[in-house]
Number of protein chains: 2
Amino acid sequence: MDFVNKRTRSVAWSVVDRRRRIPEATVARLPVYLRTLLDVQGEGMTTISSERLAELAGVNAAKVRKDLSYLGSYGTRGVGYDVDHLLVQMSRELGLTRDWPVAIVGVGNLGAALANYGGFGDRGFPVAALVDADPSKVGTMFGDHEIRDLDDLPALVNELGIAIGIIATPAAGAQEVADRLVAAGVTSILNFAPAVVTVPDHAQLRKVDLALELQVLSFYGQRESIGASLREELGVAAESKESVS
Amino acid sequence: MDFVNKRTRSVAWSVVDRRRRIPEATVARLPVYLRTLLDVQGEGMTTISSERLAELAGVNAAKVRKDLSYLGSYGTRGVGYDVDHLLVQMSRELGLTRDWPVAIVGVGNLGAALANYGGFGDRGFPVAALVDADPSKVGTMFGDHEIRDLDDLPALVNELGIAIGIIATPAAGAQEVADRLVAAGVTSILNFAPAVVTVPDHAQLRKVDLALELQVLSFYGQRESIGASLREELGVAAESKESVS
DNA sequence: TCCTGTGAATGTCTTCACAGCC
DNA sequence: GGCTGTGAAGACATTCACAGGA
């Protein structure tokens with residue numbers, strides 16, 4: 001990521017690591033494989049080769065094999081991978097055998113959209129609580145949920161088993177929300193606020209920065225104009241490019 | 001990241017590269033520096049050291065210096081970087097000296113939220129058009145915009161100078177939308193659909209995958225429980241961790 | 001003295017290429 | 001023969017450490 005989150009490793013981590021360390025870049029691809037395998041399974045296929053999976057997932061076949069090898073040797077030489085078996089192993093590895101209740105903090109434009117967005121609950125991340133710091137919002141209903149106060153976080157964690165906090169507040173409030181989430185025992189945080197947020201070593205933070213993505217596109221987009229004119233000048237044909245989503 | 005987008009380099013690209021190639025990882029951090037510098041500027045500071053900028057941006061100081069060195073030598077030894085000057089250079093490099101009109105394709109839950117989300121226009125990416133494939137939506141108004149048909153894309157690109165397309169459709173339609181965007185001349189695409197999308201080499205694709213982020217958190221979250229109990233067992237104190245958003 | 005700019009060292013990720021098993 | 005699993009090579013990114021200018 002990059003936008004890949006930085007992580008220093010504590011002593012305890014390296015102990016865990018020693019058992020079977022999966023590289024960060026691989027972890028970020030597992031969900032893509034998972035989704036692809038679900039599609040493939042839906043079409044009734046029972047085995048799949050690394051080459052085919054690579055094509056569908058938009059990556060290189062060697063990368064697929066290496067990635068899957070971190071999960072264990074679940075393939076059969078000459079045949080490929082058993083789709084069902086791979087799905088089970090992968091779900092287990094990703095911790096998707098249980099639900100992870102989510103709290104959305106900040107019920108503004110973005111927070112409200114995320115609350116309505118069905119894609120979370122479907123995939124094992126039910127939106128269990130909505131939280132806002134604005135007293136005029138607290139106590140009102142949004143969809144099925146009563147909007148709760150930031151102070152209620154510890155109680156919500158206790159009662160509902162909140163495992164993940166989503167920060168959808170303005171930038172200014174993001175760090176405080178993160179601190180409060182961690183203090184309440186939420187150690188996995190997804191930050192949508194356009195601000196740098198810091199969490200203690202035992203917590204996990206990831207970010208989604210919409211403006212950043214557009215700015216990166218802008219960077220390559222303006223280069224593209226240069227590239228395009230050069231290509232024209234030189235009469236070079238465009239090659240094909242693959243990207244993953 | 002990682003979810004870092006893959007990019008093969010065409011011949012024309014390497015020509016462009018030779019002038020001054022900025023590593024992908026650096027490009028992804030420039031927007032963070034930019035935002036930080038705007039904050040700092042707002043507080044009236046006129047110069048900043050790499051160390052301070054690093055702290056505010058949540059990265060290592062050496063990384064800041066190396067990143068900024070790709071833009072040219074804009075710092076002063078013994079003093080630091082001139083905030084205003086750096087902002088100008090960085091904006092220019094990122095192509096943010098002009099607006100980049102955006103079309104949002106797919107006006108469902110997420111698309112609607114993105115259309116309402118003010119953060120785009122503020123940062124030079126005005127939402128100039130809304131597009132949907134659903135005939136019952138086409139022709140209706142959403143906010144200031146009439147929802148247009150997918151077939152209108154080429155016209156919209158011509159009339160409004162659409163530079164970036166945002167895909168906010170269900171997974172099934174994502175690839176077709178991407179193809180249509182590219183055919184209409186939109187070479188920068190941000191994909192929110194949970195699907196693998198491929199674009200030709202001359203186009204740029206980035207993705208935001210919400211479920212993926214949660215699944216990665218789930219991976220580390222379940223490890224965390226192991227780590228936590230091990231830490232407890234071993235009596236190891238948690239170190240502090242920094243992450244950027 | 002302070003802080004940048006950057007070679008060199010280190011660490012991480014990707015890709016190649018092929019041995020080994022079905 | 002086909003396809004996985006994996007050492008080894010190569011590309012890329014981060015970090016160190018210090019020379020050198022203000």
Between [X] and [N], does any side-chain N or O lie under 4.0 Å from OP1 or OP2?
X: A:Arg29; N: C:dT14; value: yes
X: B:Ser49; N: C:dC3; value: no
X: B:Tyr81; N: C:dG5; value: yes
X: A:Asn60; N: C:dC13; value: no
X: B:Lys66; N: C:dT6; value: no

Could you check how far [atom1] of [X] sits from [atom2] of [N], rounded to whole Å?
X: A:Leu30; N: C:dC13; atom1: CG; atom2: P; answer: 13 Å
X: B:Leu68; N: D:dA13; atom1: CG; atom2: P; answer: 17 Å
X: B:Glu51; N: C:dC2; atom1: CD; atom2: P; answer: 12 Å
X: B:Glu24; N: D:dT14; atom1: CD; atom2: C1'; answer: 16 Å
X: A:Lys63; N: D:dT4; atom1: NZ; atom2: C1'; answer: 18 Å
X: A:Ile48; N: D:dG2; atom1: CD1; atom2: P; answer: 18 Å
X: A:Arg65; N: D:dG7; atom1: CZ; atom2: C1'; answer: 13 Å

For A:Arg52, which contact category applies under a 4.0 Å heavy-atom criterion: base, sugar-phosphate, or nothing? nothing
With a non-hydrogen cut-off below 4.0 angstrom, is A:Tyr70 in contact with a base, only sugar-phosphate, or nothing? nothing
Over 12 non-hydrogen atoms of neighbours within 6.0 angstrom of CD in B:Gln89: yes
How about CD on B:Gln41, more than 12 heavy atoms from neighbouring residues, nucleotides or ligands closer than 6.0 Å, or not? yes
Which atoms form the tightest heavy-atom contact between [X] and [Y], and what is the distance?
X: B:Leu34; Y: A:Gln215; result: CD2-NE2, 4.0 Å
X: B:Arg92; Y: B:Tyr74; result: NH2-OH, 3.9 Å
X: A:Asn191; Y: A:Ala174; result: OD1-CB, 4.3 Å

Going by atom types only, do B:Ser50 and B:Arg65 share a side-chain donor-acceptor pair under 3.5 Å? yes
Will you find, in the side chains of B:Asp67 and B:Tyr33, an N or O donor that is under 3.5 Å from an N or O acceptor? yes
Sequence neighbours excluded - salt bridge (charged side-chain N to carboxylate O under 4.0 Å, His left out) pairs with any residue from residues 172-181 of chain A: A:Asp151-A:Arg180, A:Glu176-A:Arg180
Residues touching DNA chain D, which here means a heavy atom under 4.0 Å, drawn from residues 36-45 of chain B: none
Can you tell me if B:Thr26 uses its side chain to pair, donor with acceptor, with the backbone of B:Ile22 under 3.5 Å? no
What protein N or O atoms touch nucleotides 19-22 of chain C N or O atoms at under 3.5 angstrom, if any, and at what distances?
| residue | atom | partner | partner atom | Å |
| --- | --- | --- | --- | --- |
| C:dG20 | N3 | A:Arg77 | NH1 | 3.1 |
| C:dC22 | O4' | A:Arg77 | O | 3.2 |

